[in-house]
Each structure stands twice: as structure tokens, then as C-alpha cells.
Amino acid sequence: MRSFLDITDLSKEEFWHVLTLARTLKEEYSKWGQNAPLLRGKILGMVFQKPSLRTRVSFDVAMLHLGGHALYLSPNEIKLGERESVPDVARVLGRYVHAIMARVFAHEHVRQLAQHAGVPVINGLSDYSHPCQALADYFTMWERWGSLEGRTLAWVGDGNNVLHSLLHGAPHAGLRVRVATPPGYEPDERAVEVARRRGAEVVLTHDPQEAVRGADAIYTDVWASMGQEAERAERLRVFPPYQVNQALVEATGNPDVIVMHCLPAHRGEEITDEVADGPHSVLWDQAENRLHAQKGLLVWLLGERAA
Ligand code: CP
Ligand code: NVA
């Protein structure tokens with residue numbers, strides 16, 4: 001039983017296979033206004049402990065386009081680990097649905113779901129990682145550039161879950177990652193270590209200008225992630241030098257640099273309106289590509305592999 005808890009769950013071949021499927025399904029939908037019903041009769045259970053726009057809607061729509069169905073289970077319904085233990089939720093839900101997508105606080109909880117559900121489990125964001133986002137982001141860069149090999153992505157801001165998943169995917173993509181965070185907000189060293197061990201070049205710095213010099217992409221995300229609301233005031237004090245603004249975009253020296261953000265954005269904090277709405281921004285392509293990348297993932301997990 002395969003699950004998708006982190007990009008590291010995919011071999012390099014599987015990673016590119018999923019992205020290739022995503023491209024085929026995107027082209028098919030764009031040409032015909034529909035997809036072949038590869039997941040007819042399949043049901044995805046979607047468990048959320050946190051809010052969501054993109055993850056919730058893109059998985060729901062992906063299942064509909066592929067002839068299946070998705071069930072949205074809000075934070076108030078299941079109360080994962082409160083009303084019922086995580087393994088018990090997994091055991092029961094796994095009897096009703098063909099796959100589970102879960103957005104959780106503790107990464108351990110998606111692990112437990114995968115261990116006990118008896119059906120594939122997809123991590124729709126945990127405090128540790130956000131592999132569906134990174135899959136869509138690599139797809140977006142691949143569409144733009146044709147090849148990712150040797151390109152440089154500069155991450156500026158908090159060393160968070162989205163960065164961890166980008167690091168996990170960097171060796172598969174052949175991407176170099178430069179990370180600029182304030183001291184004390186570096187990414188988890190396990191994610192850095194796994195990227196380096198598998199052959200990706202990862203540079204950690206506290207200097208945003210240094211990180212972005214010559215970069216092909218600048219990526220940023222909110223300064224306080226979901227669950228870190230209590231730290232927001234302190235983070236707002238520490239992070240302003242890491243804002244992605246026009247001056248930082250120009251510091252790349254690359255007229256073709258793209259600017260990325262997983263969204264939701266806190267405009268005026270980690271990114272300015274000028275940059276988010278400017279000519280380098282690919283924010284809306286990234287958001288759209290969540291749909292296509294997840295179609296590729298769902299077909300791989302539930303269509304082809306189950307066949
Ligand atoms: N990028 C992303 O996962 O967005 P949501 O939190 O709206 O799902
Ligand atoms: N780092 C953000 C990503 C939201 C999609 C968070 O975890 O809140």
C-alpha cells in the first residue's frame with residue numbers, strides 16, 4: 001500500500017512519472033474540457049484539522065474531473081485525536097473510502113493514518129511538510145523552463161513545511177536551493193540533510209541578497225504558519241528584512257526570474273502587492289497547477305497502481 005506523506009516517498013522515476021501524468025491530464029482537460037473517467041467510482045475522504053482553499057477545492061475538483069467523488073470532513077466533524085484516536089479514525093474511514101487526504105498539525109498523525117487506514121493516504125499539509133504544494137511547484141517550474149536541471153531556487157523567509165517539501169524534491173528535480181532565513185528560523189536539518197545526501201546543492205544563509213543573486217526563482221511564504229498564531233507578533237518583528245519586494249527581485253540580476261508563493265499570502269508582509277501582481281509573479285499558475293499535479297498523483301495512486 002503506497003501513500004504520499006512526503007516527496008521522498010517517490011523515487012526519481014515516480015516523481016517524473018507523476019509530473020508527466022499531470023501534464024497529460026492538464027493537456028487533455030484543456031483540449032476537451034474534460035478528463036477520461038480514470039477514477040470512476042473512487043471516493044477520496046478529505047480530513048482537515050486546519051483551514052484551506054486550494055487544497056480542499058483542487059482535490060475535490062480533481063476527483064470530479066476524473067469521474068470520482070470527494071468527501072470534505074471539516075475540523076469540527078472528526079476532531080482527529082480528540083473525539084476518537086487517530087488509528088481508530090483511520091481504521092473506520094479506510095473501510096468507506098478508496099484513499100484519504102489529510103491536513104493535520106502533527107506530522108505523526110498522517111503517519112498513523114497511513115499505518116492504519118489500509119488505503120493510500122496523502123499528506124495535504126502537516127506542520128512538517130506540504131508535498132502536494134511542492135509537486136505543483138515543480139510542475140510549474142518544469143512548464144516554465146522545460147528542464148529544472150541546474151536551476152537555482154532562492155527561498156526567502158521562514159524555514160517551514162513548504163520549504164521542507166521543496167528540499168525533499170530538489171534531488172529529483174536537479175535543482176539547487178539557496179535558503180535565507182532569520183537566525184533561529186532555519187529549515188529542519190533532516191530536510192536539508194536528505195536533500196544534500198541525495199545530491200542536491202543546498203546553501204543556508206541569513207542574507208536574502210546573497211540567496212537571490214543569479215537565482216531563477218524566488219519563493220516565499222507567510223512568516224507565521226497555521227498553528228503559529230501565538231508567535232505572530234514576534235515574527236512580525238524579526239522577518240521584515242526578508243520581505244520579497246521589488247528591490248529584492250532586482251537583486252537577482254535576472255530579468256526572467258520568477259516569483260513563487262504557495263498562498264495564502266499576507267500582502268505587505270512577506271510579499272508586496274507590486275511583486276505579487278507584477279510581471280515576475282507565477283502565483284496563479286502555481287495555484288492552478290495544484291489541480292493538475294494532484295490529478296497526476298491521484299491517478300498514480302488510485303488508477304494505474306490499483307489497476
Ligand atoms: N497552498 C495551500 O495549500 O493553500 P490552502 O491552505 O488554501 O489549501
Ligand atoms: N506554511 C503555510 C502554508 C500554507 C499553505 C502554513 O503551514 O500555514
Side-chain angles (χ1 to χ4, degrees), residues 1-27 38-39 42 44 55 59 62 66 98-102 107-108 110-115 117-126 128-153 155 161-177 187-202 217 219 286 289-307:
M1 181 59 53
R2 292 294 295 272
S3 280
F4 181 66
L5 305 187
D6 278 309
I7 300 256
T8 46
D9 291 338
L10 303 179
S11 68
K12 183 170 184 171
E13 290 68 32
E14 288 166 341
F15 172 84
W16 283 105
H17 179 60
V18 169
L19 293 193
T20 303
L21 273 173
R23 184 172 65 182
T24 305
L25 293 163
K26 182 174 181 174
E27 283 168 2
L38 299 175
L39 301 184
K42 298 281 199 265
L44 176 72
T55 305
F59 267 107
L66 292 165
H98 299 92
I100 296 169
M101 187 277 291
H107 192 71
E108 180 55 24
V110 274
R111 281 219 191 95
Q112 288 178 11
L113 285 172
Q115 203 180 332
V119 296
V121 172
I122 297 168
N123 174 7
L125 181 147
S126 70
Y128 181 63
S129 58
H130 195 1
C132 296
Q133 181 66 50
L135 212 50
D137 296 336
Y138 280 115
F139 182 61
T140 303
M141 290 184 260
W142 184 40
E143 269 187 326
R144 287 256 151 188
W145 300 330
S147 163
L148 302 182
E149 205 67 44
R151 297 276 183 168
T152 301
L153 179 137
W155 176 277
N161 46 5
V162 174
L163 173 58
H164 295 158
S165 290
L166 288 166
L167 286 168
H168 288 157
H172 291 345
L175 198 78
R176 183 184 302 118
V177 185
D188 190 295
E189 60 191 28
R190 289 168 299 173
V192 175
E193 206 272 322
V194 89
R196 284 181 175 154
R197 183 160 34 85
R198 295 179 179 195
E201 187 184 324
V202 181
Y219 202 127
Q286 286 177 265
N289 283 335
R290 291 292 304 275
L291 174 66
H292 309 300
Q294 285 156 198
K295 281 183 187 173
L297 179 68
L298 288 163
V299 167
W300 177 71
L301 270 178
L302 282 178
E304 296 183 324
R305 297 182 57 80

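The chain is numbered in sequence order, starting from 1. These numbers were taken from a predicted model, which means no experiment stands behind them.
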Chemist: How far apart are the closest heavy atoms of Trp142 and Leu19, and which atoms are they?
Modeler: CZ3-O, 3.4 Å

Chemist: Does any part of the side chain of Gln294, heavy atoms only, come nearer than 4.5 Å to the side chain of Met101, both counted from C-beta?
Modeler: no

Chemist: Using atom types as modelled and distance alone, determine if a side-chain donor or acceptor of Trp16 lies under 3.5 Å from a backbone N or O of His172.
Modeler: yes

Chemist: Please tell me if the side chains of Leu298 and Ile122 come closer than 4.5 Å, counting only heavy atoms from C-beta onward.
Modeler: yes

Chemist: Side chain of Ser147, backbone of Glu149: donor and acceptor closer than 3.5 Å?
Modeler: yes

Chemist: Return the minimal non-hydrogen interatomic distance between Gly169 and Phe15, and the atom names on each side.
Modeler: O-CZ, 4.5 Å

Chemist: Once you round to the nearest 0.5 Å, how far does CD of Glu201 lie from OG1 of Thr152?
Modeler: 7.5 Å

Chemist: Is there a side-chain contact between Phe4 and Leu135 (heavy atoms, below 4.5 Å)?
Modeler: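 In short, these two side chains touch, coming nearer than 4.5 Å.
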
Chemist: Which atoms form the tightest heavy-atom contact between Val162 and Gln133, and what is the distance?
Modeler: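 Where Val162 meets Gln133 most closely, the heavy atoms are CG1-CG, 4.2 Å.
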
Chemist: How are the rings of Trp155 and Tyr219 set to each other: parallel, tilted or perpendicular (split at 30° and 60°)?
Modeler: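 Parallel: the ring planes of Trp155 and Tyr219 meet at under 30°.
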
Chemist: Using side chain to side chain contact (heavy atoms under 4.5 Å, CB included), reason through Leu66 and Leu25 one step at a time and then give a plain yes or no.
Modeler: CA-CA 9 Å; Leu66 292 165; Leu25 293 163; 4.2 Å; yes

Chemist: By the definition side chain to side chain donor-acceptor pair (under 3.5 Å), identify the one residue from Asn123, Asn161, Thr8 that meets it with Ser129.
Modeler: Asn123

Chemist: His168 versus Arg198: any side-chain heavy-atom pair under 4.5 Å?
Modeler: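 Not in contact.
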
Chemist: Who passes side-chain contact (heavy atoms from CB on, under 4.5 Å) against Glu143, sequence neighbours left out?
Modeler: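 Listed in chain order: Lys26, Phe139, Asn289.
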
Chemist: To the nearest 0.5 Å, what is the distance between OG1 (Thr20) and CD (Glu14)?
Modeler: 12.5 Å

Chemist: Evaluate the criterion side chain to side chain contact (heavy atoms under 4.5 Å, CB included) for residue pair Leu21 and Lys295; output intermediate values, then yes/no.
Modeler: CA-CA 8 Å; Leu21 273 173; Lys295 281 183 187 173; over 6 Å; no

Chemist: Could you check whether Asp6 and His164, counting side-chain N and O atoms only, form a donor-acceptor pair closer than 3.5 Å?
Modeler: no

Chemist: Compare every heavy atom of Met1 with every heavy atom of Gly118, then report the nearest pair and how far apart it is.
Modeler: O-CE, 3.4 Å

Chemist: Between CD1 of Ile100 and CG of Leu44, what distance do you get to the nearest 0.5 Å?
Modeler: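 If I round to the nearest 0.5 Å, the distance is 8.5 Å.
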
Chemist: Kindly give the heavy-atom pair with the smallest separation between Val121 and Ser3, and that separation in Å.
Modeler: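 For Val121 and Ser3, the tightest heavy-atom pair comes out as N-OG, 2.8 Å.
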
Chemist: Checking Leu297 against Cys132 for the side chain to side chain contact (heavy atoms under 4.5 Å, CB included) test, could you report, in this order, the C-alpha distance in whole Å, the side-chain angles of both residues, the deciding distance, and whether it holds?
Modeler: CA-CA 9 Å; Leu297 179 68; Cys132 296; 4.3 Å; yes

Chemist: With rounding to the nearest 0.5 angstrom, report the CG to CD1 distance, Leu166 to Ile7.
Modeler: 8.0 Å

Chemist: Does the side chain of Leu167 come within less than 4.5 Å of Val192's, by heavy atoms?
Modeler: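 Yes, at least one pair of side-chain atoms sits under 4.5 Å.
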
Chemist: Within 45 degrees of the ring normal and closer than 6.0 Å to the centroid, is that where the cationic atom of Arg111 sits relative to Tyr128?
Modeler: no

Chemist: So His98 and Val119, side chain to side chain contact (heavy atoms under 4.5 Å, CB included) or not? Walk me through it.
Modeler: CA-CA 6 Å; His98 299 92; Val119 296; 5.7 Å; no

Chemist: Which heavy-atom pair separates Gln286 from Asp137 by the least distance, and what is that distance?
Modeler: NE2-OD1, 2.9 Å

Chemist: What is the distance from atom CD of Gln112 to atom CD of Glu108, rounded to the nearest 0.5 Å?
Modeler: 4.5 Å

